[in-house]
There are 2 protein chains.
Amino acid sequence: MSRTQPARRPRAEDASPETTAPLAGAPADLVIGPLGGFLGYALRRAQLAVFEDFRRSVGRLGLRPAQFSVLVVIDASPGLKQSEVAAALGIQRTNFVAMVNELERLGLIERRPLDRRSVALHLTPAGAAKLKAALQAQYAVEERYARLLGPGGRERLLDLLGAVQTAPREG
Amino acid sequence: MSRTQPARRPRAEDASPETTAPLAGAPADLVIGPLGGFLGYALRRAQLAVFEDFRRSVGRLGLRPAQFSVLVVIDASPGLKQSEVAAALGIQRTNFVAMVNELERLGLIERRPLDRRSVALHLTPAGAAKLKAALQAQYAVEERYARLLGPGGRERLLDLLGAVQTAPREG
DNA sequence: CGGCATTGTTATGCTGCATAACAAGCAGGG
DNA sequence: CCCTGCTTGTTATGCAGCATAACAATGCCG
């Protein structure tokens, strides 16, 4: 479970002391240097791996990650305006239009006019059904990770990720 | 530091029991339902946040994340073939060509022919210097995260991410 | 009523990532 | 030696994600 600390490999004049601890990445065991000790790289790799899992489980239902997230939000907060759903997910209003079009075309969601300008988003029965199936599949994946990460591991990971995400950006 | 467990919000017939625990995401405090409890979503959000940090620190040197990772690998293992560096980073051989072209054009790396077909990649002095500066900036960011995540937090996070990444994919 | 912010929308471009196809070269078996 | 097959670098192409600019219609508020 715990990564071992190999003899360090200086090079490039060494810019700092401690830190680092390789990832033993999926790409063979080729030397990637201190890269595995950087959060950005480790996060990117882990994210790709988990999205790959998603593709193989929930993806079978014909849902992509972003689509899934939209359904979840609409289900959790029915009646939100299109722009609100987009904002909640950090999606640009402008890029969200095509997504809503697609989900509506698939008969999974519905646009209900609030006034002559804004629309409220709701799941259709088909959308609710598909989401239910998707959630079941996803919960199964999560439980697999919970097992893999040991007691409290998954929760700790979510906690750490939350802290990273909400950390104040320098600037 | 620790996320609170709010009253659950069933909906969509509920596909599973426990799991979940919201992220209190950056996008306002809008309701995203169980989304914050899914690893894929939490990972994606955290990754975007960290890449944003990268952009603001190392990015000032004119390096994008992928370029930075290439320099790190070449520095750690000088003389690897172009295809080997690509493989080590999980980059398609085909997409790697343009990246190498660019880094060579910037005078940061060098292609040295091994035979009439394959080339070995090396840092130029300018590349080594730029990488040194980039590593310093990056180590500073890492230390900021180390402080933010509390004692052992960053290391634990890297450990958990490594476990996720190397987990056996179902299929 | 009139200016202003909101909302949905289109157009456009860049980046990341995947696949197909190819030419040239190396390497190993017959 | 020569031919077959794998390797290597490369180009072309397409799709998805994400960003920005520009707009028209509309609601809102002083």
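Given the structure is predicted, the values throughout are model-derived calculations rather than measurements. All chains are named by letter (A, B, ...) in the order of the sequence lines, taking the proteins before the strands, and each is independently numbered beginning at 1.
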Quiz item: When you check the gap from the basic side-chain N to the acidic O, do B/Arg147 and B/Glu143 get nearer than 4.0 Å?
Solution: no
Self-check item: Lys/Arg N to Asp/Glu carboxylate O, A/Glu110 vs A/Arg112, below 4.0 Å
Solution: yes
Quiz item: Which one, D/dC18, C/dG8, D/dG9, comes nearest to the side chain of B/Arg93?
Solution: D/dG9
Quiz item: Across the strands shown, which category fits B/Val119 at heavy-atom distances under 4.0 angstrom: base, sugar-phosphate, nothing?
Solution: sugar-phosphate
Quiz item: Starting at the 5' end of DNA chain C, which residue's closest nucleotide do you reach first, A/Ser118 or B/Asn95?
Solution: A/Ser118
Quiz item: B/Glu102 has an atom CD; how far is it from atom C1' of D/dG9, in whole Å?
Solution: 18 Å
Quiz item: Nearest-Å distance, CZ (B/Phe51) to P (D/dA19)?
Solution: 14 Å
Exercise. Calculate the interatomic distance between A/Phe96 atom CZ and C/dT10 atom C1'; express it in whole Å.
Key: 17 Å
Exercise. Compare side-chain N and O positions of B/Arg111 against OP1 and OP2 of D/dT10 and report whether any pair is under 4.0 Å apart.
Key: yes
Quiz prompt | Point-to-point distance, once rounded to the nearest 0.5 Å, from CD of B/Gln138 to CG of B/Leu135 | solution = 8.0 Å
Quiz item: Taking the side chain of A/Arg117 as heavy atoms from C-beta outward, which of C/dA18, C/dC26, D/dG27 is closest to it?
Solution: D/dG27
Practice problem: Check every atom of C/dT15, C/dA18, D/dT20 against the side chain of B/Arg64 and return the nucleotide holding the closest atom. | Solution: C/dT15
Self-check item: Any B/Gln92 side-chain N or O less than 4.0 Å from OP1/OP2 of C/dA18
Solution: yes
Quiz prompt | Selection from D/dG27, C/dG25, D/dG9 that lies nearest to any side-chain heavy atom of B/Val97 | solution = D/dG9
Self-check item: From D/dC18, C/dG8, D/dT10, nucleotide with atom closest to A/Ser83 side chain
Solution: C/dG8
Self-check item: Rounded distance (Å) that lies between atom C1' of D/dC18 and atom CD of A/Gln67
Solution: 16 Å
Self-check item: Stepwise ring pair (Phe, Tyr, Trp, His ring centres under 6.0 Å) check, B/Phe68 with A/Phe38
Solution: CA-CA 11 Å; B/Phe68 173 72; A/Phe38 293 140; 5.8 Å; yes
Self-check item: Integer-rounded Å distance: D/dA16 C1' and A/Arg55 CZ
Solution: 14 Å
Exercise. Just compare D/dA21, C/dG8, D/dT11 and give me whichever is closest to any side-chain atom of A/Thr94.
Key: D/dA21
Quiz item: Toward the 5' end of DNA chain C, which comes first, B/Ala66 or A/Val100, by nearest nucleotide?
Solution: A/Val100
Practice problem: Flag the pair A/Leu121 / A/Glu84 as yes when at least one side-chain heavy-atom distance between them is below 4.5 Å, and no otherwise. | Solution: no
Quiz prompt | Given D/dT26, C/dA18, D/dG9, the nucleotide with the shortest approach to the side chain of A/Arg116 | solution = D/dT26
Quiz item: Given atom CD of A/Glu84 and atom P of C/dT7, what is their separation to the nearest angstrom?
Solution: 7 Å
Practice problem: Can you see which heavy atom on B/Ala42 is nearest to which on A/Leu161, and at what distance? | Solution: CB-CD1, 3.8 Å
Exercise. Would you kindly give the NZ-to-P distance between B/Lys81 and D/dC6, to the nearest whole Å?
Key: 16 Å
Quiz item: How is A/Asp115 classified with respect to the nucleic acid when contacts are heavy atoms under 4.0 Å: base, sugar-phosphate, or nothing?
Solution: sugar-phosphate
Self-check item: Minimum-distance nucleotide (side-chain atoms of A/Asn101 versus D/dT10, C/dT10, C/dT19)
Solution: C/dT10
Quiz item: Whole Å only: how far is the CZ atom of A/Arg44 from the C1' atom of D/dG17?
Solution: 14 Å
Quiz item: So does B/Gln82 get a side-chain nitrogen or oxygen closer than 4.0 Å to the phosphate oxygens (OP1/OP2) of D/dT10?
Solution: yes
